[in-house]
Amino acid sequence: MKHHLQEIISTALSTLRADGTLDCELPDIQIERTRDRSHGDFACNIAMMLAKFAKRKPRDLAEQIVAALPQSDSVAKVEIAGPGFINFSMAPSAFQAVVEQVLEAGEAYGRSTIGAGKRVQVEFVSANPTGPLHVGHGRGAAYGATVADLLAVAGFQVHREYYVNDAGRQMDILATSVWLRYLDVCGEKLEFPSNGYKGDYVWDIAKSLQQDAGETYRHSATDVFTDIPADEPAGGDKELHIDALIARARELLGADDYRKVFDKGLNVILADIREDLEEFGVAYEEWYSERSLMESGAVDKAIERLQTSGHVYEEKGALWFRSTDFGDEKDRVVVRDNGQKTYFASDIAYHMEKIERGFERVIDVWGADHHGYVPRVKAALQALGDDPSKLDVLLVQFAILYRSGEKVQMSTRSGSFVTLRELREEVGNDAARFFYVMRKCEQHMDFDLDLAKSQSNDNPVYYLQYAHARVCSVMRQLEEKGFSYEQAVGLKQVDKLTESHEQALLVSLSRYPEVVEAAALEHEPHVVAYYLRELANDFHTYYNAHQFLVEESSLRNSRLALILAVRQVLANGLGLLGVSAPESM
RNA sequence: GCCCCGAUAGCUCAGCUGGAUAGAGCGUCCCCCUCCUAAGGGGAAGGUCAGAGGUUCGAAUCCUCUUCGGGGCGCCA
């Protein structure tokens, strides 16, 4: 409908230009849904926009535009109001036709082709595989998955990807943590490093390792700890302590066995993450390994490309990328003086590789704590001759957890955190998915665990699901009451839908495609959540005000057609958010 | 110190990218099941849109400054 109005206004403006009434640039034609019904259904501010350039009074201009509008069956009334708004009232038939559009399209109602098949990559979660996902990752998972699904519905070709940080120091700390716990399981007496991963899952991995391999990797605690610098609690430095232990693990185990222990930890945790996300309704096209990037030489290639293009220099034994040339606040190290490539180096390679794979848009969903990272990655893309505007980084603010009114401190390494799995089990996937996505991503989120865990009706997701279940319930009652439903009859009689509640519902249904499109393009799933709330509210109000299962066939069939359309849109919208649409509750 | 995000009803948040009288949920207070699920509906109260300037027909929305929160500023990942 919006689109139609844009067209007829555009025609009117062309007419005015042709006869010389207008001779200025034409801005985009903005059509808005009115807030107040007395202003019609849609409003256009074009006359006020043009008034400046045309040096004419907005209201006079509006009158000329209205006079030049072509005839349209779906427009019932056009009025000029306020400072120069052009208000459109649509013919009831235009809204009534929505019922058929919804029922015809079914699951496809709300889809569009605005993405034109463009290839978009969405990378999200990408948490280090050093432990189970916690509730902080849950927000990125729900948000990223929904943004990806929205883009798909809007006609983009979407590639969902998880970047697996299976290389680097954090993973070495995990491998060493697993090994030390394993030694403990084998009967060695040792002091666990304060900087190691202390979660229970490390014990589990260690026990599993012992079951698989017996004492193959066993060394005496004395051999392990001899000449290792003291840990922090003992007056030393925890970083030096853990690094020495990593080196010792490599030395005692040898490269092959170290890798086996390393991979044991990695694989167990990655499998857990994968299963966790799958159960959460989050699926990926690809799990992309950082290690493969190192081993394929892609990282070296990226550094070489920066070198040959002259964006790299050496200082104090390290190799630096001159990111300040591209607006970053300081230059960044890509190869340390000990010859180790930094995480940033593989990230440059990874993003270079993303562009090389031919994605027209690349979306990264990151935690807000990584925001300082954006300029340097964009700088790297620019230095490599790629277009940094292809990359969109969506920063998701933290979810601050509250339990019994107090903030929950989160730390992966100390093992004190609430896992995503734990949350899902207690709240349910539906509530968790919905809750995470209800707020726009740059908004801090207070996640009240007690509220979320309580199966109370405070939880907004039940309200939507209930609306869906209610429609299903009505349809179940149909036969019991000896009535029948014929869609063809209902669709022929949609002009019976004249009650104010029905009109409100029809308007809401007609908005759905606009809502989905806007949510997709702006990466804002929360607008879908808010929309569904309104639709459900319109329905519940209608339900209370009118009977659907009435004697009169034409009225009954048209009303049932309407509520079935509502059910369809609720199901489509809930599906987009990863929430189920139950038939009964 | 510099950078990012935020500040709207008692609480948690929307506000269609500058539009008409600023909206929901929860909480509080009234009311509605002889009726398709009351996990529902209707109504009331509740606001200096953090503050001060500016831009214009028009500002919660854009710009500047100030105040207050959260986060980030490693040859960590």
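Per chain, numbering begins at 1; letters A, B, ... match sequence-line order. Quick note: numbers below take in every heavy atom, side chains included, and nothing from hydrogens, waters or symmetry partners. Source: prediction; values computed, not measured.
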Any base atoms under 4.0 Å from A:A43, or only sugar-phosphate, or nothing? Heavy atoms, all strands. base
If you count every heavy atom of other residues, nucleotides or ligands that lies below 6.0 Å from A:E479 atom CD, does the total exceed 12? no
List in numerical order all residues of residues 502-529 of chain A for which some heavy atom is under 4.0 Å away from an atom belonging to RNA chain B. A:E522, A:H526
Report the distance from atom NE2 of A:H501 to atom C1' of B:G41, rounded to the nearest whole Å. 9 Å
A:R439 has an atom CZ; how far is it from atom C1' of B:G15, in whole Å? 15 Å
Which is it for B:C32, anti or syn, if anything within 90° of zero counts as syn? anti
So is A:R533 actually on top of A:Y463's ring, under 6.0 Å and inside 45° of the axis? yes
Any side-chain N or O of A:Y531 less than 4.0 Å from the OP1 or OP2 oxygen of B:A24? no
So A:T541, base contact, sugar-phosphate only, or nothing? Heavy-atom distance under 4.0 Å. sugar-phosphate
Reckon A:E480 touches a base, only the sugar-phosphate, or nothing at all at heavy-atom distances under 4.0 Å? nothing
Under 5.5 Å between ring centres and under 30° between planes: true for A:Y543 and the base of B:C36? no
Under the criterion of centre distance below 5.5 Å and interplanar angle below 30°, is A:F85 classified as stacked on the base of B:A20? yes
Would you indicate what A:Q547 reaches in the nucleic acid, counting non-hydrogen atoms under 4.0 angstrom: base, sugar-phosphate, or nothing? base
With side-chain contact (heavy atoms from CB on, under 4.5 Å) as the criterion, how do A:V579 and A:V461 come out once you've worked through the C-alpha distance, each side chain's angles and the decisive distance to 0.1 Å? CA-CA 8 Å; A:V579 178; A:V461 71; 3.6 Å; yes
Provide, to the nearest angstrom, the distance between the NZ atom belonging to A:K440 and the C1' atom belonging to B:G6. 9 Å
Can you measure A:F539 atom CZ to B:G41 atom P for me and round it to whole angstrom units? 11 Å
Base, sugar-phosphate, or nothing for A:D369, non-hydrogen atoms under 4.0 angstrom? sugar-phosphate
Which is true for A:M48 with a 4.0 Å heavy-atom rule: it touches a base, it touches only sugar-phosphate, or it touches nothing? base
With the threshold set at 4.0 Å, does a side-chain nitrogen-carboxylate oxygen contact exist between A:E502 and A:K496? no
Measuring only the P atom in each nucleotide, how far is B:C62 from B:C4? A whole number of Å is fine. 15 Å
Protein-nucleotide distance (A:N537, atom CG; B:A14, atom C1'), rounded to Å: 14 Å
Salt bridge or not between A:D243 and A:R169? Use side-chain N to carboxylate O under 4.0 Å. yes
Using the purine O4'-C1'-N9-C4 or pyrimidine O4'-C1'-N1-C2 torsion, is B:U17 syn (within 90° of 0) or anti? syn
Is the NZ or CZ atom of A:R511 both under 6.0 Å from the centre of the six-membered ring of A:Y531 and within 45° of that ring's axis? no
Donor + acceptor pair across side chains of A:D328, A:T324 (<3.5 Å): no
B:G15 P sits how many Å from A:E442 CD, rounded? 9 Å
Derivation and outcome, side-chain contact (heavy atoms from CB on, under 4.5 Å), residues A:M90 and A:F95: CA-CA 8 Å; A:M90 308 304 281; A:F95 283 115; 3.6 Å; yes
Check the pair A:Y143, A:F124 against ring-ring contact (aromatic ring centres under 6.0 Å, His included), reporting the backbone distance first and the verdict last. CA-CA 9 Å; A:Y143 177 73; A:F124 59 108; 9.1 Å; no
Within the 4.0 Å heavy-atom criterion, would you say A:A467 contacts the bases, only the backbone, or no part of the nucleic acid? nothing
Students often get this wrong, so: under 4.0 angstrom with heavy atoms, is A:N165 touching a base, only sugar-phosphate, or nothing? nothing
Using a heavy-atom cut-off of under 4.0 Å over every strand shown, decide if A:K330 touches base, sugar-phosphate, or nothing. sugar-phosphate
What's A:N87 touching, base or sugar-phosphate or nothing? Going by heavy atoms closer than 4.0 Å. base
Quickly work out the A:R35 CZ to B:C16 C1' distance and round it to whole Å. 9 Å
Whole angstrom value for the distance that separates P of B:A77 from NE2 of A:H370: 12 Å
